[in-house]
Amino acid sequence: MKKSLIALAVLAASGAAMAQSSVTMFGIVDVGVGHVSATNSVTGVTQSGNSSSRLGFRGVEDLGGGLKAGFWLEGAISPDTGTGAGANNPGPGFAFSRRSTISLAGNFGEVRLGRELAAGYAKPTSYDPFGQVGLASLQGWTTVRVSNGVSYITPGNLGGFSAMAHYGFGEQAGNNSSGRYMGLSASYDNGPISVTLAADRVKAGVVNNGYSSVNLANDLKTWSLGASYDLGVVKPAFAYHSEKGGATSNAKFDTWMLALTAPVGPGKLIGSYARYDNKNSSADSDAYAIGYVYDLSKRTAVYGTYAHMKNKNGANRNLGGVSGSFNSNVTVGAGENVDGYQVGIRHAF
């Protein structure tokens, strides 16, 4: 009888502990067929045309008193080839290179340690209706993800205001400040309106920009502005991003985007215009895109996208979605235009 009571007590205690913590496996599988043409043309199966294909695990433990501990491990996958490689992991094996953080959260906000999206990138690029993926994705950001980082996010009860402060240690042999990252973002989201202002700075050195390693010869300084207003029948959005330095001390590059999203039937019609302005030359590019996402359910959708890149005065910018994509096999000559389309299916779990 005593042993039975002890066993029941142990089971009750373990059940209470399990009720206070949870672990979730999640992911997205997005595969389609596309075509891109410039100097040469490529047709093939591609992935991440509407959402980045990924696999991840996240968990949270209630520590009591409003304090919670959490972790988030997320990596890119390439379902078109069945490998762990993806836009944020060029290697053949799977890695948690999209996000790998541990955190403490409470009434004070949230503190994270590890690798995640840069403060100067995460919220400003959310105004891109194409979700920063596929042939129509908005380009122009050098710093996408930050490793060896410490970030602070304000609590979500500040009347629509939120902010993020982000610091990434360089951790490079012989020069600990090389590649160091500092970023800030502030947003206001209330009802139909959303506005974001962000800025960041990266010290000269080798930096992993989220896709590959980039060697910055000079400090890189950026700032961004984004806004949207949901009118119900249509949602206009705007984004601006400016970068100075990096490759050369006097380099300056601006990116502009105007976009619209409109609910049509069970899905949404999306369109955007982007301007890539090189301030040191007239080699500029204009991108036009239109797409439709048809929701088959809350987790499954089919989509189609058409994009056109108009290069001027020697510019040779490709369409988006180059890294980890068949699109990287397309050669773009100086001043040559690029056309592309893709259709696919996306499932989230």
Side-chain angles (χ1 to χ4, degrees), residues 24 26 28 50-52 58 60 66 68 70 72 99 103 105-112 116-134 136-138 140-141 144 151-166 183-200 222-242 255-275 289-301 303 305 346 348:
T24 302
F26 65 94
I28 294 175
N50 177 254
S51 296
S52 297
R58 59 177 178 258
V60 62
K68 295 181 180 180
W72 191 302
R99 178 174 168 182
S103 64
N107 296 331
F108 59 87
E110 182 180 3
V111 175
R112 297 177 188 164
E116 62 180 314
L117 290 172
Y121 175 90
K123 183 66 174 179
T125 58
S126 68
Y127 298 98
D128 176 10
F130 290 93
Q132 285 294 284
V133 294
S137 59
L138 183 63
W141 273 258
V144 177
S151 64
Y152 167 73
I153 301 94
T154 57
N157 56 354
L158 301 178
F161 290 96
S162 62
M164 178 180 185
H166 200 177
L184 292 169
S185 70
S187 302
Y188 177 74
D189 295 279
N190 193 352
I193 189 171
S194 175
V195 181
T196 296
L197 179 64
D200 54 18
T222 84
W223 74 277
S224 307
L225 177 65
S228 65
Y229 195 94
D230 194 344
L231 300 170
V233 295
V234 67
K235 181 181 178 181
F238 162 82
Y240 169 76
H241 179 67
S242 176
T255 298
W256 300 81
M257 182 204 72
L258 294 174
L260 293 173
T261 301
V264 177
K268 59 182 179 180
L269 182 69
I270 52 181
S272 68
Y273 162 74
R275 169 77 169 178
I290 188 168
Y292 184 71
V293 182
Y294 185 94
D295 294 314
L296 299 173
S297 70
K298 290 184 177 181
R299 296 187 298 168
T300 304
Y303 61 88
T305 302
R346 179 211 72 217

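The two residues G120 and W141 come nearest to each other via the heavy atoms O-NE1, 3.1 Å.
Put simply, the residue from S194, S228, S272, S224 that forms a side-chain hydrogen bond (donor to acceptor under 3.5 Å, both in side chains) with Y127 is S194. Each of D189, L197, L117 was evaluated against K123; a single residue qualifies, D189, per the side-chain contact (heavy atoms from CB on, under 4.5 Å) test.
F108 places none of its side-chain heavy atoms less than 4.5 Å from the side chain of P155. Considering only heavy atoms from C-beta on, W72 stays 4.5 Å or farther from R112 through its side chain. For the pair E116 and S151, the minimum side-chain heavy-atom distance is below 4.5 Å. Between W256 and Y273, every side-chain heavy-atom pair lies at or beyond the 4.5 Å cut-off. For the pair P236/L231, a side-chain contact is recorded, criterion being any heavy-atom separation below 4.5 Å from C-beta on.
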Steps toward ring pair (Phe, Tyr, Trp, His ring centres under 6.0 Å) verdict (Y240, W223): CA-CA 8 Å; Y240 169 76; W223 74 277; 5.1 Å; yes

Evaluate the criterion side chain to side chain donor-acceptor pair (under 3.5 Å) for residue pair T222 and Y121; output intermediate values, then yes/no. CA-CA 10 Å; T222 84; Y121 175 90; over 6 Å; no

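A distance of 11.5 Å separates CG of L260 from NZ of K235, quoted to the nearest 0.5 Å.
Both the sub-6.0 Å distance and the 45° axial angle are not jointly satisfied by R346 relative to the ring of Y303.
N107 CG: 12 or fewer foreign heavy atoms inside a 6.0 Å radius.
Side-chain atoms of D128 come within 3.5 Å of backbone atoms of L138 as a donor-acceptor pair (strictly under, hydrogens ignored). In terms of modelled atom types and a separation under 3.5 Å, the side chain of T154 and the main chain of A163 share a donor-acceptor contact.
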